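Quantities reported herein were computed from a predicted structural model and do not represent experimental measurements. What's counted below: heavy atoms across the whole structure, side chains too, no hydrogens, waters or symmetry copies.
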Amino acid sequence: SVKNGDTTEVPIAQRTYSDGSIGFIPAGGDAPRPLYISSEFATYFGGSGDDWGGSLIVDGDGQISVSGTTASFDFPVKNAFQASLKAEEDIFVSRFDADGRTLLFSTYYGGSGGEWAEGCWWKGATWEHANAMAANMALGKGKSLYINGITTSHDLPLTANALQKSCSTERSGFLARFSSTGALLNGSSLSARKACIDRCLLGPITLAIGIDSALIVAGYTSLEIECMPAGGYQPALVVPSGPEHSTIFVLRLSPECDVALSGTYFGGDAIEKTLNDWDEIAVAVDSHGSVIIASSTASASIPMLAAVD
């Protein structure tokens with residue numbers, strides 16, 4: 001704060017106002033006075049079209065990685081794996097140095113159909129996009145970056161060792177892994193088996209890294225996952241297939257995203273969510289390597305053990 005020209009550090013408290021906005025006020029009942037929040041840097045980042053941020057990660061060296069969706073043909077690129085926009089909207093992946101002033105790499109990622117870092121659903125005769133964002137990026141070994149999203153492209157850049165090399169639905173999930181310098185290390189589609197309707201999709205998907213560097217992928221699906229390994233805790237879908245029903249899935253993939261090491265569905269006899277309700281699923285890995293998920297449910301029969309309620 002500033003008083004009589006002098007700058008003084010004061011504790012602050014967060015305040016939520018009646019219109020839902022959030023601000024800061026001096027803590028401890030100090031009299032109102034100008035309050036300044038210092039920052040090491042701040043910057044715009046984008047092109048002349050619409051750009052949507054998705055996830056942000058700060059690594060151990062302070063470098064800042066961001067990913068999201070862009071419709072800008074002139075989005076800033078540097079050392080790019082893909083230097084141009086291939087559809088109306090593509091994914092972007094970018095990394096800044098710790099000072100926030102140096103762009104280390106920035107690239108588009110997409111095909112001719114379009115990609116999104118957020119979830120989407122079928123509404124009437126059109127696809128709608130959700131504003132809710134899952135943790136669609138994770139930091140792997142050697143400061144590599146995993147990203148995921150939704151694609152309609154049948155020519156999405158994939159690698160020879162891709163877990164899935166084609167999409168079996170109109171819209172599919174995808175996973176991609178970039179090196180610390182922005183090179184594409186692995187790219188794979190991640191889709192559900194096509195059924196009588198093909199408007200069931202994966203998303204939003206949340207990522208985490210296991211203690212063995214395996215990639216943990218968690219989300220919702222209404223169809224069987226093509227790469228789901230046998231022998232999981234819940235090996236088959238419980239809810240009926242359909243665009244308004246979904247259950248939880250968890251996959252553990254090799255660090256290269258080329259092998260599904262283990263996985264399971266998890267749900268009860270009712271929906272875990274509807275595909276029009278894009279609440280995120282939370283996933284974490286504890287120090288023993290156990291995977292922890294949190295989600296809403298409407299199932300009275302969802303598996304319980306040592307439950308507190």
Closest approach of A214 to L261 (non-hydrogen atoms, all atoms of both residues): CB-CD1, 4.3 Å
field: Atom pair CG (N148) and CG (L207), whose distance is rounded to the nearest 0.5 Å
entry: 4.5 Å
message: Donor-acceptor pair, distance only, cut-off 3.5 Å: does the side chain of T70 make one with the backbone of D90?
response: no
- request: Please check if the side chain of T247 supplies one atom and the backbone of F266 the other of a donor-acceptor pair under 3.5 Å.
  value: yes
Heavy-atom check, side chain of V77 versus side chain of F92, under 4.5 Å: no
task: Nearest 0.5 Å please: distance from the OH atom of Y233 over to the OG atom of S262.
output: 15.0 Å
query: Got a sec, which pairs hit salt bridge (charged side-chain N to carboxylate O under 4.0 Å, His left out) with one end in residues 97-112, sequence neighbours left out?
result: none
- prompt: Got a donor-acceptor contact below 3.5 angstrom from the Y265 side chain to the E224 backbone?
  reply: no
field: Pair T151-E115, side-chain hydrogen bond (donor to acceptor under 3.5 Å, both in side chains): steps then yes or no
entry: CA-CA 4 Å; T151 180; E115 282 70 38; 2.6 Å; yes
statement: Taking every heavy atom of S48 against every heavy atom of F73, the minimum-distance pair comes out as OG-CE2, 3.5 Å
query: Looking at R252 and I216, what are the two nearest heavy atoms and their distance?
result: CG-CD1, 3.8 Å
- prompt: If you group Ile, Leu, Val, Met, Phe, Trp and Tyr by side-chain heavy-atom gaps below 4.5 Å, do L139 and L185 land in one group?
  reply: no
field: Heavy-atom donor-acceptor pair, S213 side chain to P255 backbone, under 3.5 Å
entry: no
- prompt: What are the two closest heavy atoms between A176 and L184, and how far apart are they?
  reply: CB-CD1, 4.1 Å
R95 side chain vs S180 backbone, donor-acceptor pair below 3.5 Å: yes
query: What is the distance from atom CD1 of I248 to atom CD1 of I302, rounded to the nearest 0.5 Å?
result: 5.0 Å
field: Co-membership, hydrophobic cluster, residues I211 and V250, 4.5 Å side-chain
entry: yes
task: Decide whether Y109 and S67 meet the rule of one side-chain donor and one side-chain acceptor closer than 3.5 Å.
output: no
- request: Measure the shortest side-chain to side-chain distance between I91 and I147 over non-hydrogen atoms and say whether it is less than 4.5 angstrom.
  value: yes
query: Closest heavy-atom contact between G110 and L156?
result: CA-CD1, 3.7 Å
field: Exam field: side chain T159 to backbone G187, donor-acceptor pair closer than 3.5 Å
entry: yes
- prompt: Does some side-chain heavy atom of S153 sit less than 4.5 Å from a side-chain heavy atom of F174?
  reply: no
message: With no hydrogens and no angle check, just 3.5 Å: does a side-chain donor-acceptor pair link Q82 and T107?
response: no
query: To the nearest 0.5 Å, how far apart are CE in M137 and CG in L56?
result: 6.0 Å
message: Aromatic contact between F105 and F178, with the criterion being ring centroids under 6.0 Å apart: yes or no?
response: no
message: So does V259 get a backbone contact from the side chain of S254, meaning a donor-acceptor N/O pair under 3.5 Å?
response: yes
task: Provide the closest heavy-atom pair for Y146 versus G140 in the form atom of the first, atom of the second, distance.
output: CE1-CA, 3.8 Å
field: Interatomic distance, K141 atom NZ to D212 atom CG [nearest 0.5 angstrom]
entry: 9.5 Å
Main-chain N/O of P76 paired to S106 side chain as donor or acceptor, under 3.5 Å: yes
field: Straight-line distance of C227 SG to L253 CG, nearest 0.5 Å
entry: 6.5 Å
query: Checking N79 side chain against T181 main chain: does a donor-acceptor pair fall under 3.5 Å?
result: no
- prompt: L104 versus K78: any side-chain heavy-atom pair under 4.5 Å?
  reply: no
- request: Scan residues 52-72 for pairs that pass salt bridge (charged side-chain N to carboxylate O under 4.0 Å, His left out), counting only residues two or more places apart or in two chains.
  value: D59-K143, D61-K143
- prompt: Any side-chain heavy-atom pair from I292 and V285 closer than 4.5 angstrom?
  reply: no
- prompt: Is there side-chain contact between F45 and L103, with at least one heavy-atom pair below 4.5 Å?
  reply: yes
message: Donor-acceptor pair, distance only, cut-off 3.5 Å: does the side chain of N186 make one with the backbone of R177?
response: no
field: pair T206-I293: side-chain heavy atoms closer than 4.5 Å
entry: no
